[in-house]
Amino acid sequence: MTHELVRRYSGNPILTKADIPYPVETVHNAAVVRHEDEYIMLFRSHLRTGRSIIGLARSPDGFNFKADSEPFITPAQEGAFAEYEAFGVEDPRITRVDDDYLITYSAYSRNGVRIALARTKDFVQIERVSLITQADYRNTVIFPEKFNGLYARLDRPHSEISPWSIWITFSPDLVFWGESQLVMKPVAYHWDEMKIGPGAPPIRTAEGWLSIYHGVFETMDGSVYRLGVALHDLHDPARIIGVGDSWILQPEDPWEITGYVHNVVFTCAAVPETDGTVKIYWGGADSVMCAGEANLVDLVDLCLNQSRSAI
Ligand code: BMA
């Protein structure tokens with residue numbers, strides 16, 4: 001039984017544009033972490049210009065969020081980042097490494113889309129660190145631990161020649177990145193055959209790093225975005241142990257099927273809890289934020305026991 005692995009929260013959608021105290025048109029594709037005694041959400045919102053900013057919301061329980069009165073990240077107005085953020089900032093992910101929260105987000109400009117990395121300790125002060133890819137990259141997640149002293153990230157370069165796939169890249173200092181390797185590809189005539197990309201930052205389990213990713217299937221009625229799971233080796237994250245053959249979540253609720261972009265569930269965040277569950281967060285139809293829960297053992301089991309090839 002692989003369906004209903006993710007139990008949708010009964011109060012979905014958990015955050016919409018009606019909840020935001022400044023004018024926005026969407027609330028979606030949010031990063032979430034636990035910080036001190038609250039859950040912090042960084043969400044993407046479209047403005048009426050069609051460009052995106054990143055807002056911040058807080059919650060005591062991971063489901064009921066209240067937005068701060070001002071956005072958290074808006075396009076840089078000066079310095080090296082301004083040229084590359086001019087068309088907006090999108091789809092943040094947060095990983096805690098040591099005492100820092102590392103935030104990766106898509107920076108859009110006339111030069112294409114690339115990934116920016118910023119750092120905060122308190123979600124008050126934010127420091128832009130580096131533009132860590134050239135164009136065209138999206139969907140970059142950083143592992144919460146280093147490997148042989150190196151930071152590691154999963155990312156999704158654009159490609160016209162092979163289907164869009166997941167790569168791994170390493171860095172000693174968050175600025176210089178290299179040793180890239182392909183780790184996972186879409187599978188032909190499968191739910192993720194058109195493209196795949198990293199979703200939530202990987203979660204440590206006893207069996208390996210659990211990665212929740214998105215996969216896209218092209219239909220006569222446009223693309224369908226679903227979520228799946230893969231398990232990476234704990235010591236060598238470039239090695240994939242297994243990829244769940246079936247998806248774990250697909251658009252089903254009305255606000256996932258219909259909205260700004262229909263038939264989309266898209267994740268940037270999953271928060272593991274001490275009881276073995278994981279809270280998964282996803283944007284519905286690029287319009288609203290939703291949440292659900294799963295058991296980590298079930299997701300790992302899918303990767304191990306109903307696996308398809310990684311490449
Ligand atoms: C992707 C990105 C995401 C978006 C998704 C579905 O390519 O643009 O931000 O959620 O498409 O529209």
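Just so you know, residue 1 is the first one in the sequence shown, and it goes up from there. Computed from heavy atoms alone, side chains included, the values below leave out hydrogens, waters and symmetry copies. One-based numbering, in listed order, for ligands and for the atoms of each.
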Tell me the protein heavy atom at minimum distance from [atom], and give that distance in Å.
| atom | answer |
| --- | --- |
| atom 2 (C) of ligand 1 | R138 NH2, 3.1 Å |
| atom 9 (O) of ligand 1 | D91 OD2, 2.6 Å |
| atom 11 (O) of ligand 1 | Y225 OH, 3.1 Å |
| atom 6 (C) of ligand 1 | D286 OD2, 3.4 Å |

- Query: Residues in side chain to side chain donor-acceptor pair (under 3.5 Å) with S59, at least two apart?
  - Reply: D61
- Message: Using heavy atoms and a 4.0 Å limit, tell me yes or no: is H28 in contact with ligand 1?
- Response: no
- Geometric cation-pi criterion, R114 with Y84: 6.0 Å, 45°: yes
- Task: May I ask you to establish whether R226 and W191 are in a cation-pi arrangement, using a distance under 6.0 Å from NZ or CZ to the six-membered ring centre and at most 45° from the ring axis?
- Result: no
- Query: Mind checking whether H232 and F143 have parallel, tilted or perpendicular rings, split at 30° and 60°?
  - Reply: perpendicular
- So F147 and W209, would you call those rings parallel, tilted or perpendicular, with 30° and 60° as cut-offs? perpendicular
- Near V261, which atoms of ligand 1 are under 4.0 Å from a heavy atom of that residue? 12 (O)
- Any idea which atoms of ligand 1 are less than 4.0 Å away from a heavy-atom of R44? 9 (O)
- Note on the structure: So for E90 against ligand 1, with non-hydrogen atoms under 4.0 Å, the contacting part is neither
- Query: Do you know the tightest heavy-atom contact between S52 and H46?
  - Reply: OG-CD2, 3.5 Å
